[in-house]
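Comments concern the structure below.
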Amino acid sequence: MNQPLDNLNKYELILASGSPRRRELLGMLDLDFKIDTSYSIDESVPAGVAAIDVAPYLSGMKAMAFPLTENDRKLVITADTVVIIDDEVLGKPVDESEACLMLEKLQGRTQTVVTGVTVRTYDRSVTFRAESKVEFAELSRGEIEYYVKKYRPLDKAGAYGIQEWIGAAGIRSIEGSFYNVMGLPVHRLYECLKTF
């Protein structure tokens, strides 16, 4: 039986992300891959980069930081996810207080979740973005504090994980990919990987 994406057998696949959610999502494609987070970048974004372009910009920078030589048979996957509301980019909160402030901004409103993904080999690089609209219900301060204290979403853009309590209790609707909101638009990535 042929494996889907057997075109990738010539590569050593590397997910350059420490995110357990991205690891889980990439694993859904039944691919053998390694995790390598050795090459970090300064994640500040130059002035003038539009909010919608921040995640693709950062995923591209992460991919370019990974050193590849002509003899490498490595295929590197990088990603970055942001939440955008009122043209403001919400990344990861620095502490519980900032997490609560972010969730207060989001509750009762619709925001855009953008994930930028870059797939790179020595001689080719493809970057794309996926967008999903997420509508939050009205949440009380007590509900927000409960979520932040129990789940500590400090490693998540916009201070929430849709696969956690808040996704079940506080999200009215999603337009677009659920997996994108988790941090990796798996279908779009699958389609991209077919071309390598």
Side-chain angles (χ1 to χ4, degrees), residues 1-84 87 89-92 112-133 155-158 161-163 175-196:
M1 173 173 61
N2 283 346
Q3 171 86 8
L5 295 178
D6 61 1
N7 59 302
L8 300 180
N9 289 343
K10 60 184 178 267
Y11 295 113
E12 175 188 0
L13 268 62
I14 296 169
L15 176 62
S17 172
S19 163
R21 291 159 300 283
R22 289 196 182 113
R23 183 178 311 165
E24 173 190 349
L25 292 171
L26 184 57
M28 291 173 71
L29 294 180
D30 291 341
L31 296 169
D32 291 325
F33 63 92
K34 296 179 180 175
I35 306 290
D36 189 339
T37 58
S38 305
Y39 307 100
S40 59
I41 63 161
D42 171 7
E43 294 195 22
S44 52
V45 177
V49 175
I52 201 79
D53 295 324
V54 167
Y57 171 84
L58 289 172
S59 75
M61 294 297 290
K62 290 174 182 179
M64 294 311 293
F66 206 99
L68 297 176
T69 64
E70 191 171 354
N71 296 323
D72 274 326
R73 298 309 306 156
K74 294 177 179 166
L75 183 146
V76 178
I77 300 167
T78 58
D80 194 84
T81 302
V82 298
V83 172
I84 302 171
D87 211 33
V89 174
L90 303 182
K92 298 170 186 170
T112 303
V113 179
V114 179
T115 300
V117 178
T118 301
V119 180
R120 180 176 172 237
T121 60
Y122 170 73
D123 58 358
R124 185 172 173 217
S125 182
V126 175
T127 298
F128 64 87
R129 75 169 168 247
E131 299 175 39
S132 302
K133 303 282 188 194
D155 63 336
K156 297 173 178 69
I162 195 167
Q163 71 280 11
E175 178 186 325
S177 166
F178 175 86
Y179 296 128
N180 179 51
V181 183
M182 278 183 71
L184 194 66
V186 189
H187 172 71
R188 287 283 305 280
L189 177 57
Y190 181 75
E191 293 297 317
C192 179
L193 290 172
K194 285 180 180 180
T195 70
F196 276 80

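Note that the coordinates shown come from a computational prediction; the quantities given were computed from them, not determined experimentally.
N7 places a side-chain N or O within donor-acceptor distance of the main-chain N or O of F196, the cut-off being under 3.5 Å. Of the possible donor and acceptor atoms, none in the side chain of N180 sits under 3.5 Å from a partner among the backbone N and O of R129. Between the side chain of R120 and the main chain of A63, a donor-acceptor pair closer than 3.5 Å is present.
The distance from atom CD of E43 to atom NZ of K62, rounded to the nearest 0.5 Å, is 4.5 Å. Distance OG1/T118 to CG/L189: 10.5 Å, rounded to 0.5 Å. In this structure, CD1 on I14 lies 4.5 Å from NZ on K74, to the nearest 0.5 angstrom. How far OG of S19 is from CE of M182: 8.0 Å, rounded to the nearest 0.5 Å. In this structure, the separation between CG on L90 and OG1 on T81 is 13.0 Å, given to the nearest 0.5 Å. Separating the CD1 atom in I41 from the CE atom in M64 is a distance of 11.5 Å, to the nearest 0.5 Å.
Checked options T78, L26, L75, L25; the residue passing with L15 is L26 (criterion: side chain to side chain contact (heavy atoms under 4.5 Å, CB included)).
Among pairs with a residue in residues 36-81, those fulfilling ring-ring contact (aromatic ring centres under 6.0 Å, His included) read Y39-F66, at least two apart in sequence or across chains. For the side chain to side chain donor-acceptor pair (under 3.5 Å) condition, the pairs that include at least one residue of residues 64-73, sequence neighbours left out, are T69-D72.
Using a cutoff of 4.0 Å between basic side-chain nitrogens and carboxylate oxygens, R188 and E191 are not scored as salt-bridged.
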Going through the checks in order, is the side chain to side chain contact (heavy atoms under 4.5 Å, CB included) test met by T195 and R124? CA-CA 11 Å; T195 70; R124 185 172 173 217; 3.1 Å; yes

Can you give each donor-acceptor pair under 3.5 Å made by side-chain atoms of residues 28-37, sequence neighbours left out, with the distance rounded to 0.1 Å?
{"residue": "K34", "atom": "NZ", "partner": "E12", "partner atom": "OE2", "Å": "3.1"}
{"residue": "D36", "atom": "OD1", "partner": "S38", "partner atom": "N", "Å": "2.9"}
{"residue": "D36", "atom": "OD1", "partner": "S38", "partner atom": "OG", "Å": "2.5"}

